[in-house]
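Step one of this worksheet: look at the structure below.
For ligands, and for the atoms within them, numbers begin at 1 and follow the listed sequence. All residue numbers in this chain count up from 1 along the given sequence.
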Amino acid sequence: MATADIILTPTVSIPEHLVGEVQSKLAYVDEAIVSAAVAETGDQITLHLSQPEAAERQAELSEKVQRVVTTMVRGAFKPKVQVLEDHLDRRVPNRADPMPELLANGDISQEANGIYSLGPLLTRLINYFESQFVDLADSFKALPYRFPTLIPARYLERVNYFRAFPHSLTFATHLREDLDAIDHFAQHAVCDEHGLNTPPESFAKIQALLSPAVCYHLYFALADKPLPNGQLAATAVGNCFRYEAINLNSLERLWNFTMREVIFVGSKDYVLENRETARQRMQTIFEKIGLAYRVESANDPFFIGEFRKQAAFQSAFQLKFEIRASLPFKQSTLAVGSYNYHQDFFGRNLNISLPDGSPAHTGCVAFGLERIAFAFLAQFGLDPTGWPASVRGALNA
Ligand code: AMP
Ligand code: ZN
């Protein structure tokens, strides 16, 4: 008899360090999958489907899952995790998941999967964290920028984004400039529980996407010319979009989130030294707040085909470190920010040159504002009387 669950044994066992990565990619395997879980031991995968499927479809799903596993796992080696700071043992007063209470109190309201409105409590908390990040930016005399939410498709193409992260793209489009198409849409557009029903040919060719990161806009602004003065520190906050399918389940993982970045462009030494100084300055700020976290080497969530090579490269050259805050309610950690070094990747691809003619190096420090607020609430609870004085003061501001 058909069942709504499929239990699979991967043809190659998934090593412990890849269990999370493989699990997150299973979200993109097939629309029939409602949830997917990889056993911690790496030798069993459970797929929960929206409805029972016939044997043929089950076989097709299994084949796709096996393909993900073999592509990501075969030939992968365990990266050495480098820990730059470890403050996970800081004592924090709360152990409860803040989500149910935040929803019940109306402190947040869910518009759709991965899309939330934030009320005054979270807004003030985020403003407080933002002020700390802006102070960090000021300490580097970083110049302020404002970037659009849309990003042209041809920009992302120039930096290989379509190949590296196709799964998380969000496309922006509009109706074709065609009277009949617009009239038809106006009269027939209706939503059902899956979304808006309208013929796909109503839409124009995609010229822009919703931006997945902030710093890319700066690199595009600097493209195809020499970098004035040979170095630049800049800062901006912006809306970012990463479609994370069934992984979009709480404030932890959003489709639409906001990021504050401090960005460095210049020589290799300039970028690496500033990235390290930023980390040290943040250490003081996090200590004042009392946040339990650690900073460790990491890799970006590259899509299946690119994953193994790119993740190994990032790890070998120590290109990415994440600030992982403790989530006591699930005994795990959540990346609330990252320290990134891109070598001369953007300088080369976008033709940003230093005074000696060589391509510029870039790096950024990026903070996820919703996540830092969420992790803080997970550690300190919703009642401000249990919060560190510095943060409590921000609520009355
Ligand atoms: P990254 O550029 O991937 O290192 O992202 C920088 C920061 O943005 C992460 O450390 C998170 O805090 C935040 N972030 C990334 N993806 C999401 C998401 N889907 N939802 C919420 N925050 C996110
Ligand atoms: Zn960045």
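Between L254 and ligand 1, at least one N/O pair is under 3.5 Å apart. Considering backbone and side-chain atoms together, E322 places no N or O closer than 3.5 Å to any N or O of ligand 1. An N or O contact shorter than 3.5 Å links A335 to ligand 1 by distance.
The main-chain N or O of L369 is never found under 3.5 Å from a side-chain atom of E130 such that the two would form a donor-acceptor pair. A donor-acceptor pair is defined here as one N or O able to donate and one able to accept, closer than 3.5 Å; no such pair exists between the side chain of E296 and the backbone of R324.
Rounding to 10 degrees, one finds that the Zn ion (ligand 2) sits at the corner of an angle of 120° between C215 SG and C364 SG.
Counting just the N/O/S atoms of E261, the one with the shortest distance to the Zn ion (ligand 2) is named OE1.
Taking 4.0 Å as the cut-off between side-chain N and carboxylate O, E276 and R279 count as a salt-bridged pair.
Ranking the protein heavy atoms by distance from atom 22 (N) of ligand 1 puts R371 NE, 3.3 Å first. What sits closest to atom 14 (N) of ligand 1 on the protein, heavy atoms only, is F257 CE1, 3.4 Å. Of all protein heavy atoms, the one lying nearest to atom 7 (C) of ligand 1 is G368 N, 4.0 Å.
Annotation: F302 is in aromatic contact with F165 [ring centroid separation under 6.0 Å]. Ring centroid separation for the pair Y216 and F346 comes in under the 6.0 Å cut-off.
For the residue pair T333 and R294, no side-chain donor N or O sits within less than 3.5 Å of a side-chain acceptor on the partner.
Taking every heavy atom of G337 and a limit of under 4.0 angstrom, the matching atoms of ligand 1 come to 10 (O), 12 (O). Proximity to S338 (heavy-atom distance under 4.0 Å) selects the following atoms of ligand 1: 1 (P), 4 (O), 6 (C). Less than 4.0 angstrom separates some heavy atom of R242 from each of these atoms of ligand 1: 1 (P), 2 (O), 3 (O), 5 (O), 15 (C), 16 (N).
Of all heavy-atom pairs spanning A278 and L136, the tightest one is O-CD1, 3.9 Å.
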Go through F329 and M99 one step at a time and tell me if the side chain to side chain contact (heavy atoms under 4.5 Å, CB included) criterion holds.
-> CA-CA 11 Å; F329 71 90; M99 264 323 261; over 6 Å; no

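In this structure, the separation between OG1 on T170 and CZ on R242 is 10.5 Å, given to the nearest 0.5 Å.
Checking R324, M259, R260 against atom 6 (C) of ligand 1, the nearest heavy atom belongs to M259.
Residue-level proximity to ligand 1 for V336 is carried by the backbone, the only part with a heavy atom below 4.0 angstrom.
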